[in-house]
Protein chains: 2
Amino acid sequence: MDGRPTLETVAQRAAVSRQTVSNVLNSPHLVRQETLERVRAVIDEVGYRPHGAARQLRTRRSRVIGLRLERTVDGINGAVLDRFLHALTEQAQLRGYRVMLFTAHDDAAEIGQYGELLDVLELDAFVLTSTHSGDPRTAWLCEHDVPFVTFGRPWDPPGTDGQPDHPWVDVDGAAGTRAAVEHLQDAGHTEIAFVGWPAGSGVGDDRRAGWLRAMRAAGVPQHRLDALDVATEDGIAEGAVAARRLLEHVRPTAFVCASDSLALGVLATLRSADGDLIASGPAQAAVVGFDDTPVARAVGLSSVAQPLTEAAGRALDLLLQQLSGSSGAPTRDHHVLLAPSLVVRESSASAPPT
Amino acid sequence: MDGRPTLETVAQRAAVSRQTVSNVLNSPHLVRQETLERVRAVIDEVGYRPHGAARQLRTRRSRVIGLRLERTVDGINGAVLDRFLHALTEQAQLRGYRVMLFTAHDDAAEIGQYGELLDVLELDAFVLTSTHSGDPRTAWLCEHDVPFVTFGRPWDPPGTDGQPDHPWVDVDGAAGTRAAVEHLQDAGHTEIAFVGWPAGSGVGDDRRAGWLRAMRAAGVPQHRLDALDVATEDGIAEGAVAARRLLEHVRPTAFVCASDSLALGVLATLRSADGDLIASGPAQAAVVGFDDTPVARAVGLSSVAQPLTEAAGRALDLLLQQLSGSSGAPTRDHHVLLAPSLVVRESSASAPPT
DNA sequence: CTCATTCATTTGAGCGTTCCAACCCGTCGC
DNA sequence: GCGACGGGTTGGAACGCTCAAATGAATGAG
């Protein structure tokens, strides 16, 4: 009677069979009300909890999902994944699932890990981050009928190079930059520059597109757009350089950036011209960043915030949908595009000089 | 013959019993050389991998360790845990273990999770972060004989309030700040301020102690030390405020900070006085931060780097040592204090004005 | 009154592994 | 020539659970 209680322990004390106890937990509708209550009372009394490995051995389900933890490349934007991971863990827990981590140095190694994790631990599904063009991982997972969802749209045109359609969740970057531009326009700005990444990255192009659309909608001519649009690698120093160049030649009154790193560089340039880095009065020009990292908050930088908790929740919903086996669901529902929200702080408070 | 191969599959093809195949994998010394080779060949041929859940059901070992993922409070210092987590996952993987995440809103909830994870998934051990004074978690784990290790020393005096002795790994913060001070002294600085946290946090006090020791060793009188020592909450803005005050009244030529956040604030204040935030010429005074976060690298801030990969590796070694059951090991070996290293960048390049 | 039908519950088997006791066979000591 | 020994191998049982099929007890239709 000591040691962990098992189904048998509960069954005996409730004077029923193992299977009935099992039904109480998994298919309560099969059990008579009276029995249900009696068994449940015993379960609570002895503090019974089903043994995961035993259950898994029988059902071939682990109720665990896998996620590759990549090396933190950039600490500022890495914070996004960090927060997504937290949200994912929390949301999974709410749904009775757990998150298991693994690492890999490249896509091939990651695929190797899939194989091992599926064979040995029977993970139920995977969440993929940092999808990129020509990603071999999604193809492999589809081919092996492994449920998964990506956080980030597939950036290849559908059907390209055998890239399959698959469930994904993403944040609408274009909507974010568009909102940033409109916010600045409302404050009277018309000369709004975009400091983004070189063309070619899906995420970067998306964010640029939002700025472009909003600027065109306001009737800004193409030659002016060309001047206001800057592409540079990510980083604080890079943002600062871009800002100096723009201020010198193009003279924008506001900046929308593809990342908080870039925005931070821009902001530093503006504020050091005022001799005061830490938020105080309105600066020479307005700045909006992207991702609303904790640093943005610390220095009073307006930024576009991604709804990471919701993204994690929706990602899990997509997974559970696949796991429940209704494979006939329409493909449209497998794609979730969430709208980000603009967090306004001091950095975008300044109106354009009249 | 289709479907996953099992022990039976391999046994039949190698014309031995299940048990012999099992022995080949777990106790090769029991098996005759010839048989060993034959069985191994078959294992490779059919791509056999032992099934985790079945093994766990029998051995009561999951080869999984748990870690609570806390909400990222401060994005800058949160990056430390982020990198530690990556290292831990990688090191665990190398040793044949996996890392499972969970979340909890407070210590009590975390303890509740321990119970569930132990009962349901039979996690082998836990890694605890953010230990604090009067931590109820370590007591619970000890009481229930659960192997664990903390990343961070217990800050209570041993024996206080029933706090048990337990294995831990930590980085010697005092050695880090001492190294920073000595580096500055070598450059000719004598007026070196410390911008730290309010007394009471173990980590913060430790870092202050290193600065204090090195300053005393250089013969700085107590009244001067009192003036050079500032305590403030963590944050960029807070660091900036502290720097302004110090520069105005105490006029230090160098700053050692308890975190990169604080250092960033100090640096911003110094550089904005020069009108140039992004690393360029030597500034008005030298600054050294702590944790070597990616932001530090981005802005050229010297900082004390924690050996996180080594910390993760040592933590796992301590765990495996407990798991292998040699419980009679001396307590001394259960405590690992690692030395951090100073990363010198532009921010500490300036010599004091003569 | 009998037989099919439904509902509630039980029984036996099996998931893939390792533990345990038994077994076989060759060697050694007496 | 017989028992003791030990390296190498084997078969049965068990870990805790759920599946599939069987059982028993009521209910209703013919």
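Note that the structure is predicted; figures quoted are calculated from it, not measured.
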Original post:
Quick one: A/R61 CZ to D/dC19 P, roughly how many Å, whole number?
Top reply: 11 Å
**OP:** Return the value, rounded to whole Å, for the distance between atom CD of A/E8 and atom C1' of D/dA14.
**Re:** 13 Å
**OP:** Please state how far atom NE2 in A/H51 lies from atom C1' in C/dC15, giving the value in whole angstrom units.
**Re:** 14 Å
Original post:
For A/L36 and C/dC7, what is the distance between atoms CG and C1' respectively, to the nearest whole Å?
Top reply: 15 Å
Original post:
Going by atom types only, do A/R55 and A/N26 share a side-chain donor-acceptor pair under 3.5 Å?
Top reply: yes
Original post:
Are A/S130 and A/E70 close enough that a side-chain donor and a side-chain acceptor fall under 3.5 Å?
Top reply: yes
**OP:** For the pair A/Y114 and A/F102, name the ring-plane relationship: parallel under 30°, tilted 30 to 60°, perpendicular over 60°.
**Re:** perpendicular
Subject >> Residue-level proximity of residues 15-34 of chain A to DNA chain D when a heavy atom falls under 4.0 Å >> reply: A/R18, A/Q19, A/S22, A/N26
Original post:
Of B/I65, B/V146, B/L67, which meets side-chain contact (heavy atoms from CB on, under 4.5 Å) against B/F126?
Top reply: B/V146
Original post:
How many Å lie between CD on B/Q12 and P on D/dT10, as a whole number?
Top reply: 13 Å
Original post:
Rounded to whole angstroms, how far apart are CG on B/D119 and P on D/dG16?
Top reply: 12 Å
Original post:
Whole Å only: how far is the CZ atom of A/R58 from the P atom of D/dC17?
Top reply: 13 Å
Original post:
So does B/T35 get a side-chain nitrogen or oxygen closer than 4.0 Å to the phosphate oxygens (OP1/OP2) of D/dT9?
Top reply: yes
Original post:
Do B/R60 and B/Q56 have side-chain atoms, one donor and one acceptor, less than 3.5 Å apart?
Top reply: no
Original post:
If only side-chain N and O atoms of A/T6 are considered, is one of them under 4.0 Å from the OP1 or OP2 phosphate oxygen of D/dC17?
Top reply: yes
Original post:
With respect to the phosphate group of D/dG16, does any side-chain polar atom (N or O) of A/R4 fall under 4.0 Å of OP1 or OP2?
Top reply: no
Original post:
Whole-Å distance between D/dT18 C1' and A/R63 CZ?
Top reply: 14 Å
Subject >> CZ (A/R314) with more than 12 external heavy atoms under 6.0 Å >> reply: no
Original post:
Tell me, do B/D135 and B/W155 make a side-chain contact under 4.5 Å, heavy atoms counted?
Top reply: no
